[in-house]
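Reminder, nothing fancy here: chain letters follow the sequence lines and each chain counts from 1.
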Number of protein chains: 2
Amino acid sequence: MPSGRREQVEDGQTVMDAARKVGVEIESLCGGRQSCHKCRVIVEEGHFDKHAISSSSKHLSSPTNNEITLLKKLGTPEQRLSCDAQIHGDLLITIPESSQAKKQIIRKKVTNRDVVIDPVIKQYYVTVRDAQLGVHRGDWGRLQDALETQWDLVDLSIDIHALRKLQAALRTENWSVTAIVWNNREVIDVQPGHKDSMYGLAVDVGSTTVAGYLCDLQSGNILATEALMNPQVSYGEDLMSRISFVINRADGLHLMNTAIIDSINELANRTAKLARIHPRRIHDIVLVGNTTMTHIFLGINPREIGGAPFALANRDAIDIKARDLGLRLNPGAYAHVLPSQAGHVGADNVAVLVAEQPQCLDSIILTVDIGTNAEIVLTSSKWMFSASSPTGPAFEGGQITSGMRAAPGAIERVRIDPKTKLPRFRVIGESCWSDQWQHRDNECADTKPSHLASGICGSGIIEAVAELFLAGILFPDGKFNPDIDCNAMYWDQEKRKGAYILATEDQSFSGNPILITQQDIRNIQLAKAALYAGAKLLMMRAKVEHLDQVILAGAFGSYIDPKHAMVLGLIPDCKIENVHAVGNAAGDGARIALLNRQKRAHAQDIAEQISYIETALDPDFQTEFVSAMHLPHQYDSFHNLGGILENSAVVTKVPRRTRRRRRTANN
Amino acid sequence: MPSGRREQVEDGQTVMDAARKVGVEIESLCGGRQSCHKCRVIVEEGHFDKHAISSSSKHLSSPTNNEITLLKKLGTPEQRLSCDAQIHGDLLITIPESSQAKKQIIRKKVTNRDVVIDPVIKQYYVTVRDAQLGVHRGDWGRLQDALETQWDLVDLSIDIHALRKLQAALRTENWSVTAIVWNNREVIDVQPGHKDSMYGLAVDVGSTTVAGYLCDLQSGNILATEALMNPQVSYGEDLMSRISFVINRADGLHLMNTAIIDSINELANRTAKLARIHPRRIHDIVLVGNTTMTHIFLGINPREIGGAPFALANRDAIDIKARDLGLRLNPGAYAHVLPSQAGHVGADNVAVLVAEQPQCLDSIILTVDIGTNAEIVLTSSKWMFSASSPTGPAFEGGQITSGMRAAPGAIERVRIDPKTKLPRFRVIGESCWSDQWQHRDNECADTKPSHLASGICGSGIIEAVAELFLAGILFPDGKFNPDIDCNAMYWDQEKRKGAYILATEDQSFSGNPILITQQDIRNIQLAKAALYAGAKLLMMRAKVEHLDQVILAGAFGSYIDPKHAMVLGLIPDCKIENVHAVGNAAGDGARIALLNRQKRAHAQDIAEQISYIETALDPDFQTEFVSAMHLPHQYDSFHNLGGILENSAVVTKVPRRTRRRRRTANN
């Protein structure tokens, strides 16, 4: 429940595995290692033996001591961890809303950029000499002759699937065919007569979202855009969980590989359907993703990326027959995977640089792509530095008490009145703020209460913590100010532990209030410190002290408010007007590489020339990290924020440094 | 019956298709077109409706008029054609021995030839720099560096399957690996540490027999030889039947392609088992076959070869990933298919020339490969001519009343006493001649009578007809001599139709005598005239009048007696001591191309340089064909046969031409 699905499963299978089997995704952060508590389920029936109610039941394995302790601590001793509980008999299992891995709202959009259309596949229309008695070259030889005579193409090979179609194609339209040639090297398809449509798919395999863009390779137009949740999420939320899953389970790689390949096929089918073409007419595909994703979709075990020295199986761009990856496009199609950089900084980040080209500008630009991992690139026209920062899943709602992904019902906008200290919020899928709900309910009283909050997503947490700080509820060290006393603040008896009530019982879907705890704030501090320290480390290595521009790439970067990000100290100082969100630049880069072959070479140059800095073991990173824990990390930020602080309750002294900086900014 | 298998089949399926489904092969020459009579079956039960015995039965479709006529003519009106009879209910079907497609005795042997061992795949042992923090090239980049530094290999690519194994392989033996490199271009496999064994498979896909040779690519030794019947036989005996099958049935190509691919996989498994290696250790495969076979195993529709202008999809050599053909060898392995010539003369004939190299000798050599089709090549050191002759299946036992393939129980040797006109024969699998059976039966009285004759195979027919002629039973025009009256001769009342009783009821397995009819002799005449006319046509085109040497390639060529072949006039005149049988030279050529990469280039040269003569529409061929119908086609033959005629009953006048020829031979 609530899906209502039934299935016979093997004795001893965990509830989580059984749920996967019936196509129900249970949330999991730890990848089934009994350490997160996201996968709790309620076993409502199954204790068929009336004489033995709980642990002596034969239908479900007994909880381990670890599980008992964890569930008691969470105040839900009647629930079970679905990754621990093993099935030994008939059961009715209810997955509470908090444990359901929801279909995410996909917010990636493609910005339109000018690209020279020069795809790696080209169509050549030729008239071939017909077969005659006494001329003994085969039909493929005759096609080669025609392509050489009419198009100067030499030394071509032919894909076996094209060869299988060749004879019928030649004879359908009186020996006129259109040959589709990859890289001026291989005939990958032949079609009878004159054809002038060609399609390609660009796919950005994110840890959470897989987005596909079906493009007309003649016009460069995007014909359809679709996105799916990465099904690997049910095997582990963050990259390390997935790497652990592969290491700990013999069939782990196979499961995750087939899951993602199925999704890419689904994207191809959906976009093709939207564009009213058959997926077999997709003749080219470009794939990007972080290094763990590229390893997994190529069927390569990512275990080496899981620990120092973080060796990639392959850094460079690679062309593989799409069919060899299990992709069901045109059978002759190649898949091109853009090159990676190193460690966790993969083809998606190279794609961001291909799309945004900060390295081509004569400015110092910080490009940040915050996904489940954060990739940071610092560029000028003379050098490129990159790093990966272990922000953890907090920015995506992980490790947060009421955290959830950006799905319907998630709080995404938060404002806190500096005077009353009371909050108002807005959830995804709703246009009304919580203080206007009364008005809304009157308008549409018969609708489901979809405006009620289920939890809080990444951009909501950023705003909430920033607003808490601006309202004076948090000290710069992240601690709740014990002097605050209002209806939204909850304190334990000795005022040692506090929590802020963002949504009340009445405003919450579950009927439980949505809280922001001290631990939540701590986790956000850790995440933002990691991001900030990574950026600072790159500035240190590049020997620069200021940024001309900040580019926020990725879905998360597009939906956080840059002002709140700066209040929180996510990124080093920069004029607020020079901070730009660019949406899914990785997807854009993939699409650009799909449309323009030179951009593929360009991507390879980037991968070879960029200086990758390994943060994991760098002592400077540790130092920066510790000093970046405060809110805000330094007071400079406020002075770039303009009017935002006017209504703020924070009392700050302006330190001397700022005056110098202000002059710099005016130069 | 007799297999005892049971199966539920779809309503309306033919008995032949149903038999295939249960894995029982029924003989068929015409490919299920109700024109041959090889597929007759006995429906022993199934007439469950006692009130309606025959045609009104609901369990089997009624015979068509065509079927009724054919079966009446054959004297077996109670039988059914399995390709016509459709199943509509429970049936017990008995397949008489004559309709069973037997497992053939495989008689192809590989002669040992000297070959320079220089395979297209090579092993390179390298020590790779280990992965270190701060060095960001991937493991594949590190392997590339090592292969370049240590072996001067540049611009390599890597197969995805090798890439998937790379990281584990590098870390198993302290960064030492053996890379298997194809054509100095692509790493197709990596193995930890130092490995020095490499295996390859050479496969000759004959219309009837598929033979495989597993070779050690280091030593060149043949580790195992296996052969299977080509399972396509059950879809049609000769090439045209199979092409028709593909044209007439939507899934025809798929059925025949998967059947042959399954067989090649089976060959790989069997030879690997014999050599005690895993089939995954086979890193290279060379395939040959006639053009219909290469088209089908490549998954290309052979319909264009079925009619003028007999256009091949591809004439040239081709390299394809073995996995793309469905072959389960090493996943990175390539399959190399040798080039074809034209029409029906395919890669197998090129392989014969690679193996025998008649074109490198300063003599005029006729190379004949008699299979289901006959390929004829005439060579000198200056030119090469080739042709295909439509001999039909008579030489393989097809279109012969008691004909069968070379299987146990087939008569393969025949002698007829010129005085008594009585025959003696020997069957395959037996050492005793029929006139010594008495003696044999005393020795092993408890054995099954496996010496009894089931039919007559190709070499048996050649000998029988030649012996009939030598005994004076046949006139030179192939007609039975009506003056002959002996126990072995059967005449109808008016002596207009005769038949020779080769085996009596007692000597026959079925209890019916084994006859050679006038029509059988006619069919042999047609076949031998086609072969002879083809050879003559090439001599005409090459403007030569004599042959220095004749090479008989193929299993059939190895088992016919050259003397009988000459009596019959299969091939133009040549000194009997210069006629050599070389066994399966096509298989040898495939093996040579497997072991030596230069031979592959050499094969391509042959395919490009040979002059292919299309016999089908050539008026000279027709003229030669008509004049070659007689037995023997010309009296010259006898003078090269030495002692064979001493006991002959044939009275011939030596025509004037012969004296001249004799002088020529003495020069």
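In terms of heavy-atom pairs under 4.5 Å with chain B, the best-connected choice from A:Ile318, A:Leu298, A:Asp316, A:Ile320 is A:Leu298. Most heavy-atom pairs under 4.5 Å with chain A: of the set B:Gln341, B:Arg323, B:Glu614, this distinction falls to B:Arg323. If you tally non-hydrogen atom pairs under 4.5 Å between each of B:Ala311, B:Ala342, B:Ser157, B:Ala308 and chain A, the highest count goes to B:Ala311. Among A:Ile160, A:Asp130, A:Leu166, the residue making the largest number of heavy-atom pairs under 4.5 Å with chain B is A:Ile160.
For A:Arg171, the part lying under 4.5 angstrom from a heavy atom of chain B is the side chain only. In this structure, the portion of B:His295 lying under 4.5 Å from any heavy atom of chain A is its side chain and not its backbone. Proximity to chain B (any heavy atom under 4.5 Å) is shown, for A:Tyr612, by both the backbone and the side chain.
Other residues, nucleotides and ligands contribute only 12 or fewer heavy atoms inside 6.0 Å of the CG atom of B:Asp155. More than 12 heavy atoms of other shown residues, nucleotides or ligands fall within 6.0 angstrom of atom CZ in B:Arg541.
Nearest heavy atoms, B:Arg315 versus A:His136: CD-O, 3.5 Å. Of all non-hydrogen atoms in B:Pro309 and A:Ala131, the two that sit nearest each other are CG-O, 3.4 Å. B:Arg142 and A:Leu312 get closest at one heavy-atom pair: NH2-O, 4.4 Å.
Atom CG in A:Asp139 sits 7.0 Å away from atom CD in B:Glu304 (nearest 0.5 Å).
Counting heavy atoms from C-beta on, the side chains of B:Ile300 and A:Gln167 come closer than 4.5 Å.
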